[in-house]
Amino acid sequence: MSGHATPIRMTSHKSGPLTGQADVPGDKSISHRSLILGAMAVGETVITGLLEGEDVIDTARAMRAFGAEVTRDEAGTWHVHGVGVGGFAEPGNVIDCGNSGTGVRLIMGAMATCPITATFTGDASLNKRPMARVTDPLALFGAKAVGRSGGRLPMTIVGAADPVPVRYTVPVPSAQVKSAVLLAGLNAPGQTIVIEQEATRDHTERMLAGFGAEIVTQETDEGRVITLTGQPELRPQTIVVPRDPSSAAFPVCAAIITPGSDVLVPNIGLNPTRAGLFATLREMGADLSYENPREEGGEPVADLRARFSPDLKGIEVPPARAASMIDEYPVLSVVAAFAQGQTVMRGVKELRVKESDRIEAMAAGLRAGGVAVEDGPDWWIVTGLGHGNVPGGQTCASHLDHRIAMSFLIMGMATQEPVSVDDAGPIATSFPIFEALMADLGADIRRG
Ligand code: S3P
């Protein structure tokens, strides 16, 4: 929720070697979707491995406000009694999605074709982020949105009483926009068609198929054309949430830059629409391997093993890979600082509208720690100094952004001087056990 907790300053000191097993939490994207689709099915969906971070808890609370029964049992398993497609009740109060763009955008989509009105808000970070990318296509279904200037939260959505199906080409590579349109399409009669030019994470499509919706994806010259047949009866599911590759990125990158490290990160979701970072790290010369590749709950998973990699080299990251690693650029830029030569990242305009402007936030902190960074509207270049040569010694602003905070704490494990972040509190949105898990591996991160 959008509280204003006291900032938690943390400092990361030279660490290691990092060794052992890192059991990172459940996937954030899949966790949000399992609660929302569970709420739209008829009957009881059972979810294990749900990420119990603030973002997802806010979505669970929102689903209750729309009429679903959402409970957690002693074993940490979540139960969702859904109200069926089109069955959302009108919430009695404002829906607070905290820090979560995924939560608010997906929920807006899910309620936009129900004959109800809901008002959404979030924290200072979320209330700055663009919502027109979602409300524009939702208007095509017949929903109305009134928010602050620039299409920002707080915002009220009046759902369409008589929704019509939509054909929509997503103008930015965004799984949140794609998913909002698909979730809205669930309660529209006929076929809703979403076209995306660049493939983004496809968890919504996979999960909709699992819940029994008729959904077909075709690769065409236009891009990926996704056709959903509206008004299905969604059948409740048993969902095992794989562990989050975007969270795994932090212990993996920490191991790669910290001398002597050897870390195993088991059971990581390796959906190809999410695995771009690991391909990039290997191209840079990282010692990273996949063990036991298998499929669980419709998603590919494997165990990841990362070892200290002293001879990293900078590379040009293919822009076509951007969507599959969009959340990993902050921590990649840290690894790039320890490589020899330049790491060039292009086609990443979306980084400017995440929980913070991630190019600006990372560039400022890296420069303060002695690393040269150039940047433009949709690109940035980090000039690596090579292992052992990165000065550090800076305090970085986390800008209410969990991934900025974690990235700089990883950096401090291998810099000459410690690295501090002004507020590590936001880490609880996606990786509440980060501090304990990193300490268990041998990291020296201290409060203060
Ligand atoms: C997400 C999609 C991405 C990503 C976010 C999670 C999702 O955002 O950055 O952390 O679960 O759909 P965009 O859709 O805005 O690219």
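For ligands, and for the atoms within them, numbers begin at 1 and follow the listed sequence. Just so it is clear, the model here is predicted, and its values are computed rather than measured.
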Considering only heavy atoms from C-beta outward, does the side chain of Gln231 approach that of Asn187 to under 4.5 Å? yes

Tell me which part of Lys178 gets within contact of ligand 1: side chain, backbone, both or neither, using heavy atoms under 4.0 Å. neither

Looking at Tyr290, is Arg282 sitting on its ring face, NZ or CZ under 6.0 Å from the six-membered ring centre and within 45 degrees of the normal? yes

Does an N or O from Ser179, backbone or side chain, lie closer than 3.5 Å to an N or O of ligand 1? no

Side-chain ion pair, Arg133 and Glu350, N-O less than 4.0 Å: yes

Counting heavy atoms only, which part of Lys354 comes closer than 4.0 Å to ligand 1: side chain, backbone, both or neither? side chain

Within the 3.5 Å criterion, strictly below it, is a donor on Thr200 or Lys178 matched to an acceptor on the partner's side chain? yes

Nearest protein heavy atom with distance in Å, relative to atom 12 (O) of ligand 1: Arg33 NH2, 2.6 Å

Ligand-residue contact atoms, ligand 1 with Ala175, heavy atoms, under 4.0 Å: 12 (O), 14 (O)

For Thr102, atoms of ligand 1 separated by under 4.0 Å from a heavy atom: 1 (C), 5 (C), 6 (C), 7 (C), 11 (O)

Considering the heavy atoms of Ile326, write down every atom of ligand 1 situated less than 4.0 Å from one of them. 9 (O)

Mind checking whether Ser29 has an N or O less than 3.5 Å away from an N or O of ligand 1? yes

NZ/NE/NH1/NH2 to OD/OE distance under 4.0 Å, Asp401 and Lys354: no

Among the heavy atoms of Pro173, does any lie under 4.0 Å from an atom of ligand 1? yes

Side chain, backbone, both or neither: which applies to Arg201 and ligand 1 if a contact is any heavy-atom pair less than 4.0 Å apart? side chain

Minimum heavy-atom distance between Met63 and Phe88, given as atom pair plus value: SD-CZ, 4.0 Å

Side-chain donor-acceptor contact under 3.5 Å, Ser420 with Arg9: yes

Using the salt bridge (charged side-chain N to carboxylate O under 4.0 Å, His left out) definition, which of the options Lys349, Lys128, Arg352, Arg129 pairs with Asp357? Arg352

Heavy atom of the protein closest to atom 10 (O) of ligand 1 (residue, atom name, distance): Asp327 OD2, 2.7 Å

